[in-house]
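In what follows, a single structure is set out as structure tokens and then discussed.
Both ligands and their constituent atoms are indexed starting at 1 by order of listing. One is the number of the first residue; the rest follow in order along the sequence. All of these numbers come straight from a predicted model, not from anything done at the bench.
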Amino acid sequence: MSPYHVEVLFTEPQLAARVDSLAAEIVAGLPEDGARELLLVPLLKGAMVFAADLMRALSRHGVTVVLDVMQVSSYGGGQTSSGHVVLKRDLGLNPAGRPVLLIDDIADTGRTLDFVQRHLAERGAGPVTTAVLLDKPSRREVEVRVDHVGFEIPDRFVVGYGVDYAERHRELPFVGVVVEDRE
Ligand code: IMP
Ligand code: MG
């Protein structure tokens with residue numbers, strides 16, 4: 001890994017404001033007459049920090065939240081995906097018939113969300129809505145439905161707010177771009 005630094009892309013207040021408005025959008029999309037309850041399914045580990053804030057924002061907006069997690073992997077540790085998605089941890093709760101909010105950090109090629117959406121459908125989940133903090137539309141290889149996007153970003157490698165580079169930088173309170181240092 002050559003030397004690099006991280007440049008701020010979205011500050012902590014920008015993230016907080018967007019997570020709150022995203023929660024309002026998600027609530028507005030719920031059926032009028034339905035129960036205001038969602039089974040939240042963040043994908044470990046990248047969506048953890050986003051999901052922790054989003055679940056509290058949803059609660060402030062009147063949604064009853066039930067939490068479970070899934071873990072899949074596609075990244076080999078560097079900046080590029082292996083393109084092959086593997087299920088590492090399935091849901092503990094039964095999603096059959098329940099409205100699910102699938103949460104991930106970044107929609108990139110779309111393979112992860114496509115894989116998990118199919119998996120949730122196979123397990124009989126109720127309507128599945130998908131929310132991501134960041135979307136890189138220019139990178140899409142698989143057509144996949146993403147209902148709620150925090151921010152669209154260009155094809156840059158980012159870290160922070162749960163997102164890692166080789167398991168580092170998840171703890172940063174902001175989202176930043178990885179910039180290689182010049183020699
Ligand atoms: P996809 O399956 O190609 O859409 O990849 C989605 C996953 O790749 C995300 O959940 C992230 O874990 C990872 N990923 C994509 N772009 C980045 C990035 O810029 N930084 C860190 N991880 C990323
Ligand atoms: Mg991920």
Of all the atoms in ligand 1, which lie at a distance below 4.0 Å from a heavy atom belonging to [X]?
| X | value |
| --- | --- |
| Arg111 | 2 (O), 4 (O) |
| Thr112 | 1 (P), 2 (O), 5 (O), 6 (C) |
| Asp104 | 10 (O) |

Ligand 1 versus Asp108: contacting region, heavy-atom distance under 4.0 Å |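 Both backbone and side chain of Asp108 come within 4.0 Å of ligand 1.
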Considering only heavy atoms, does Ile106 approach ligand 1 within less than 4.0 Å through its side chain, its backbone, both, or neither?
->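 Contact part for Ile106 vs ligand 1: both backbone and side chain.
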Any [X] heavy atom less than 4.0 Å from ligand 1:
| X | value |
| --- | --- |
| Gly110 | yes |
| Arg156 | yes |
| Arg139 | no |

Is any NZ, NE, NH1 or NH2 atom of the basic residue among Arg168 and Glu171 found under 4.0 Å from an Asp or Glu carboxylate oxygen of the other?
->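 Not counted as a salt bridge, because no side-chain N and carboxylate O are separated by less than 4.0 Å.
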Salt bridge check: are Asp20 and Arg60 linked by an N-O gap of less than 4.0 Å?
->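 Yes, charged N to carboxylate O under 4.0 Å.
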If two hydrophobic side chains count as joined below 4.5 Å and joins carry through other members, does Val179 share a cluster with Ile106?
->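 Linked within one cluster.
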About how many Å separate CG of Asp68 and CG of Asp90, when rounded to the nearest 0.5 Å?
->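 With rounding to 0.5 Å, CG (Asp90) is 8.5 Å from CG (Asp68).
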For ligand 1, is there an N or O atom under 3.5 Å from any N or O atom of Phe157?
->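 For ligand 1, there is no N or O atom that lies under 3.5 Å from one belonging to Phe157.
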Winner among Asp164, Asp105, Leu133 once heavy atoms are compared against atom 9 (C) of ligand 1 =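 Result: the heavy atom closest to atom 9 (C) of ligand 1 is in Asp105.
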Using heavy-atom distances, let me know which of Val116, Thr109, Val159 sits nearest atom 1 (P) of ligand 1.
->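 The option holding the nearest heavy atom is Thr109.
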If only atom types and distance count, is the side chain of Arg123 paired as donor or acceptor with the main-chain N or O of Ala96 below 3.5 Å?
->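 No; judged by distance alone, with no hydrogens or angles, the pair does not exist.
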Can any side-chain N or O of Gln14 pair as donor or acceptor with the backbone N or O of Thr11 at less than 3.5 Å?
->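 Side chain of Gln14 to backbone of Thr11: a pair is present.
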Could you go step by step and tell me if Phe10 and Phe174 meet the ring-ring contact (aromatic ring centres under 6.0 Å, His included) rule?
-> CA-CA 6 Å; Phe10 300 112; Phe174 56 85; over 10 Å; no
Do you see a donor-acceptor pair shorter than 3.5 Å between the side chains of Tyr161 and Asp53?
->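 On atom types as modelled, these side chains qualify, holding a pair under 3.5 Å.
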